[in-house]
Amino acid sequence: MVQASYHFPRGFLWGTATAAHQVEGNNTNNQWWQWEQTGHTNGTSGLACDWWGGRWREDFDRAAEGGQNAHRMSVEWSRIQPTPDTWDEDALEHYRLMLRGLRERGMTALVTLHHFSDPLWLYEQCGWETEAVIPLFEKFVRKVVGALKEYCTLWCTINEPNVYALSGYVAGTFPACNKGLNIAMRVQANMLRAHAAAYRAIHEIQPESRVGYALHYRPMKAKNAWSPLDVWMRNIQYNGINMAFPSAISTGVMKSPLGSVRIPEAKGTQDYLGLNYYSVDTVKFDITNPNEMFGRRYYPADSDLSTTKFIANIPEGIFDSIKWAVRTYPNLPILITENGVEDAEDKMRPRYIAQHIHQVWRAVNFNFPVKGYFHWSLVDNFEWERGWTQRFGLWALDLETQKRTKRPSADLYAEICKENGLTSEMVQKYCPEVFDKLFPV
Ligand code: FCB
């Protein structure tokens with residue numbers, strides 16, 4: 001049997017990613033909590049992973065013992081600014097404690113300032129739909145960065161603005177005030193303006209900071225490459241879903257299916273690109289689906305599908321995503337800010353991890369500037385509209401007892417982090433079914 005290893009450069013960041021509303025529990029003052037109480041989600045976030053109750057300590061211990069040297073977490077706006085005119089200094093102190101906890105464990109912090117949740121007071125004035133949000137977000141960011149700058153220099157302004165806008169304002173699976181593609185695009189334009197304002201504010205407060213955002217990047221391919229309709233539809237979907245933020249940050253003009261919007265202040269406002277990669281969509285033209293602009297995105301029947309069929313295991317897609325990023329922004333550092341799969345039984349996850357990390361390694365070996373990888377996620381957490389039906393954790397969570405149980409993937413990931421690489425022994429031990437793919441002879 002082949003004995004070999006794929007090693008990463010020294011200083012590579014290995015971590016997991018989490019988001020405040022998904023792990024903290026009792027976030028009663030944001031729009032998600034309200035949405036959950038009115039029956040829109042599969043269960044409610046409740047106590048979640050009880051991080052606000054202090055269980056972040058034991059979970060950070062798990063991460064550190066598992067060899068992770070970094071962690072991506074987010075702060076909850078509705079806790080820090082419970083009303084437009086009040087700041088909760090205790091909440092900020094709580095985050096300082098958490099960040100100090102990371103530092104004490106030798107882990108680099110990446111802090112996300114907005115990860116899908118909005119304070120109720122903002123939501124009640126229709127949040128990101130109007131430009132009023134821009135100075136409000138900037139004010140919030142200034143407050144947070146001022147308070148936390150001692151412990152963090154790596155910031156993510158907004159998580160997946162495309163998913164936030166399209167899930168809420170088009171699909172209706174996330175809470176949203178009004179609906180329509182035009183509103184979704186307006187929301188993304190406001191997010192871009194707010195991101196640009198935040199980018200400048202953070203640099204002003206902390207000149208050594210590195211600031212970016214996390215893009216949910218969805219590679220797509222046409223069902224039939226010979227079909228002009230499929231190819232056309234693939235391009236519409238691909239640009240519509242992926243390109244609002246990247247286009248504006250490249251050129252100062254946001255491209256959208258409804259036309260272009262000039263946002264000159266957004267140009268060049270990133271010090272790294274955060275990539276959230278999960279899977280690749282196949283796209284076909286479908287006259288019966290007007291809700292999605294007459295396109296349908298799906299996974300082919302022969303895909304390696306996760307338990308709830310939410311994700312197809314397509315590891316080359318992460319390589320293609322990184323390649324796209326390098327071509328779009330030469331020399332810009334790239335962080336994989338999310339990658340993972342829902343898999344309560346941990347049947348697919350070990351191979352998903354090994355295969356994706358192998359593809360990241362390939363990218364690094366092309367000298368593509370990938371600087372870190374954050375697995376989604378550390379512990380099972382509240383998965384938005386899908387609630388508790390999807391289990392993304394390296395560790396399983398029993399909601400009733402708050403007990404954590406280690407999945408084999410946690411051990412595999414720990415071995416990878418400690419080795420700063422992936423070896424043939426690991427693959428043989430955790431996912432022998434892909435051994436020949438990863439170590440061909
Ligand atoms: C991403 C989100 C993250 C989590 C994963 C599974 O879209 O950023 O919060 O829900 O998907």
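We count ligands from 1, going down the list as the structure has it; atoms in each ligand are counted the same way.
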Next item on the list: Check the angle between the aromatic planes of H71 and F60 and answer parallel, tilted or perpendicular using the 30° and 60° thresholds.
Entry: tilted
Check: For ligand 1, is any non-hydrogen atom under 4.0 Å from E342's backbone (N, CA, C, O), its side chain (CB onward), both, or neither?
Finding: neither
Next item on the list: Measure up the F12 and F8 rings against each other and bin them: parallel (under 30°), tilted (30 to 60°), perpendicular (over 60°).
Entry: tilted
Margin query: So, taking the atom named CD in Q31 and the one named NE2 in H21, what distance separates them when rounded to the nearest 0.5 Å?
Written below: 8.0 Å
Notebook entry, point to check: If we only count N/O pairs under 3.5 Å, is W376 in contact with ligand 1?
Noted result: no
Check: Does R103 use its side chain to pair, donor to acceptor, with the backbone of C152 at less than 3.5 Å?
Finding: no
Notebook entry, point to check: Would you call the rings of Y413 and W14 parallel, tilted or perpendicular if under 30° counts as parallel and over 60° as perpendicular?
Noted result: perpendicular
Check: Which residue holds the protein heavy atom closest to atom 5 (C) of ligand 1, what is that atom called, and what is the gap in Å?
Finding: Y278 OH, 3.2 Å
Next item on the list: Hey, can you tell me if W361 and H358 have their rings parallel, tilted or perpendicular (30° and 60° cut-offs)?
Entry: parallel
Checklist line | Protein contact to atom 10 (O) of ligand 1 [nearest heavy atom, distance to 0.1 Å] | finding: E383 OE2, 2.5 Å
Notebook entry, point to check: Do the rings of F174 and Y164 sit parallel, tilted or perpendicular, given the 30° and 60° boundaries?
Noted result: perpendicular
Next item on the list: Using a strict cut-off of 4.0 Å, indicate which atoms of ligand 1 neighbour a heavy atom of N159.
Entry: 8 (O)
Checklist line | Top protein contact for atom 7 (O) of ligand 1, by heavy-atom distance | finding: E160 OE1, 2.5 Å
Check: Got an N/O contact under 3.5 Å between Q22 and ligand 1?
Finding: yes
Item checked: Closest protein heavy atom to atom 1 (C) of ligand 1, given as residue, atom name and distance to 0.1 Å -> E338 OE1, 3.1 Å
Check: Relative to the heavy atoms of H115, which atoms of ligand 1 are at a distance of less than 4.0 Å?
Finding: 2 (C), 3 (C), 8 (O), 9 (O)
Next item on the list: Drop me the distance from R186's CZ to M191's CE, to the nearest 0.5 angstrom.
Entry: 14.0 Å
Next item on the list: Quick one: look at V163 and ligand 1, take heavy-atom pairs under 4.0 Å, and tell me if it's side chain, backbone, both or neither.
Entry: neither
Item checked: Atoms of ligand 1 close to F392 [distance to a heavy atom under 4.0 angstrom, numbered from 1] -> 6 (C)
